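Here the structure comes first, spelled out in structure tokens, and everything after it is commentary.
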Amino acid sequence: MPKFVEVLLDLPIDRSFTYQIPDGMEEKARIGHRVVVPFARREMTGYVVETLDEVEATYTIKEIKRVIDDTPLYNTQTIALAEWMSRFYLCSRGEALSMMIPGGRRDSSIPALESEEDLLFGRVERLSDEQQHAIDTILKREKPMYYLYGITGSGKSEVFLRAAEAIIREGKTVIYLVPEITLTHQLARQVTNRFSQRVAILHSALTPSQRLKEWKRIIAGEVDLAIGARSAVFAPFPNLGLIILDEEHENSYKSGNTPRYHARQVAQRRCQSEGATLVMGSATPSLEAWALMQENKEVGSLHLRNRVSGGTMPVIEVVNLSYEKNLISKTLQERIKETLNKKKQAILFLNRRGFSYFFHCNSCGYELRCPHCAVALTYHKGTEQMVCHYCGYRTKPMRVCPECNSLDVNYSGFGTEMVEEEVRRLFPSARIARLDTDSAKKKGQVGKVIKAFRDGEIDILLGTQMVAKGLNFPLVELVGIVLADSGLNIPDFRAQERTFSLLVQVSGRAGRYNDQGRVIIQTYHPENPAIQYALRSDVQGFYSQELEIRKQTGFPPYSRLINLVFRGRNQQKVEQEVQKFSAHIEQLTVNGGAEVLCSSECPLEKIASNWRYHLLVSGVQASLAHHLVAKALSDYTPARGVYLEVDLDPLQLI
DNA sequence: AGCACGCCGACT
DNA sequence: GTCGGCGTGCTC
């Protein structure tokens, strides 16, 4: 009977601590149980990862205070995954494990959108040849991963579900990952019906105790399929057969706090070590996934070309805003009028992101770009400089727009409020509602607006990113993208990819229930590749030229980026610390292959009275960048009051 | 991450 | 003389 245990704690130190098991507690203090332990004059929740019969110690070993769980919450496989995560994402094992276990640190995701989904679950339809071929290929499992690539409405969900059913019939289990926003009550109900209750729903709105209950059902073998967002990738199935990753391109698969894991990477790892198959799907794959598909080694590419339920693609028009007086162009005004006359609805989409922290021309939207990285420069008010956050290039902001000679250049921009005002002025009798992050803060507000819109009580819905996802409303005939450029100008090498993806996703949805679907893209740069390829629905064309650009500029997938963010109350101290670390890592950068690209203030240099500086490391070979940072971090602890966060494969540098 | 210990400045 | 700044080290 073991008398000692090794315990991991949710601390940024990567060590375990030894505790003694009090008499009579031996049965319950096993691997997989959470325990309460005394630790440096306080109590903490710990995770038992090992049991020991005897230990040699030069210190006095303390006793476990109490055991939390009656039955194990995790197994050696889970612990191994946490170990991998700590190595891969450069965090401690305790941080990784406590992030995986419910009741641990909360997963701070956005509250779920109460919209309904249109995945045609439950309805048994005849499969198309393409779908049948995809299912057959997946079930052969000749490759460890498959990518189901096809437009919205091509029946990806049905392929996923049939594959899941087949795997479950083999006695194995399935994890079905969806972006947070698509996991709705209706979707949950449909999946539950289809798999006759043997389903666990891991929703972010669940309380820790509800989440724990679902975990225990999974462990107890009462469940064949778990559906959920990002963190559902940790669902503790002992006999995992399949992981489905729907809408693979979605950024919400990447965690926003330490460890900043990506559900796709974790899923890959789990499938690899547990002998399961990974099936991903999207109409607009991430460039990383696309590159893997082209290689055709580990990822098998399955293309769904046709829409299952018919429905034509919408007519897409591009309007050049340069020749327009108003923010809402004559063409868009005309289309809105037509739509309203037909008693149909319109959605106006505005990508507001980024306008506040970069400098641009208010007349034509012109933006200063980095000559080395081809990304927009970020305006720093304090130093009156334009800075590239990938290579550190600096220059003075412009006084006159070089494109249109306008003097109206500054760092302010227009937001949803401004557009709303204009729309109200143009259509005084229309019923208009706004849906964005500000209005989403009020609880229940989002659901109310969406319901009203669905019930036809609103004519024009105005919104940001939020409306782009769940916008399947039968009465919508018109989608207007008020300013496609606002996404193109953000200082990010993925700006083109995101814009293209968004345009394709939005267009794909507009024609879903309706043969009259129309999409109007307003832009100052109609010649932009993202817009042009989206207009022609040329997905492959966009990816090949974008991959070429990434190759030339040395960005992912042709390199690995690691962003190290230092933050703290005291600006001087944080700055000093970055410089100190920069010198330290520079010294290790000897045989090349990986280098420090840039170390400077963050694009948003102060958040919640915390000063932020970052250091960006890049490696042509992923492992070289990883090794360099791991080595630099191995014998380093930041000064007091300075906190370091590691972001491996960052999606944005804010 | 916390929390105590310890060594230097300005205060009832 | 003490209160309190934050630099350093440790936690089984």
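Reminder, nothing fancy here: chain letters follow the sequence lines and each chain counts from 1. Quantities reported herein were computed from a predicted structural model and do not represent experimental measurements.
Checking side-chain atoms of A:R211 against main-chain N and O of A:H203 turns up a donor-acceptor pair under 3.5 Å. Judged by distance alone, with hydrogens and angles left aside, the side-chain atoms of A:R569 form no donor-acceptor pair with the main-chain N or O of A:N610 at under 3.5 Å.
Distances shorter than 4.0 Å separate some side-chain N or O of A:Y19 from OP1 or OP2 on C:dC12. Taking only side-chain nitrogens and oxygens, A:K573 never comes nearer than 4.0 Å to OP1 or OP2 of C:dC6.
The base of C:dT8 lies close enough to the side chain of A:R640 for a donor and an acceptor atom to sit less than 3.5 Å apart.
Straight-line distance from the CD atom of A:E63 to the P atom of C:dT11: 19 Å, rounded to whole Å. A straight line from CD of A:Q576 to C1' of C:dC6 spans 14 Å, rounded to a whole angstrom. Between the CD atom of A:E43 and the P atom of B:dC3 there is a distance of 13 Å, rounded to whole Å. Distance CD (A:E6) to P (C:dC12): 13 Å, rounded to an integer number of Å. Atom P of nucleotide B:dG2 and atom CZ of A:F39 are separated by 11 Å, given to the nearest angstrom. In this entry the distance linking CD of A:E577 with C1' of C:dT8 reads 14 Å, nearest Å. Separating the CD1 atom of A:I13 from the C1' atom of B:dA1 is a distance of 8 Å, rounded to the nearest angstrom. Per the geometry, CZ belonging to A:R569 stands 15 Å off C1' belonging to B:dA1, to the nearest Å.
Residue A:D69 forms a side chain to side chain donor-acceptor pair (under 3.5 Å) with just one option from A:R30, A:R34, A:H33, A:K28, and that option is A:R34. No option in A:H262, A:R264, A:Q265, A:R260 other than A:Q265 meets the side chain to side chain donor-acceptor pair (under 3.5 Å) test with A:D649.
Listed candidates were C:dC12, C:dT8, B:dA1. Nearest to the side chain of A:I61 is C:dC12.
No contact: A:S16 has no heavy atom under 4.0 Å from any strand. Within the 4.0 angstrom heavy-atom criterion, no nucleotide atom of any strand lies near A:L9.
Here A:D647 pairs with A:K254 in a salt bridge; the nearest charged N to carboxylate O distance falls below 4.0 Å.
Each of A:P12 and A:R41 was assigned the nucleotide of DNA chain B with the nearest heavy atom; the assignment lying further toward the 5' end belongs to A:P12.
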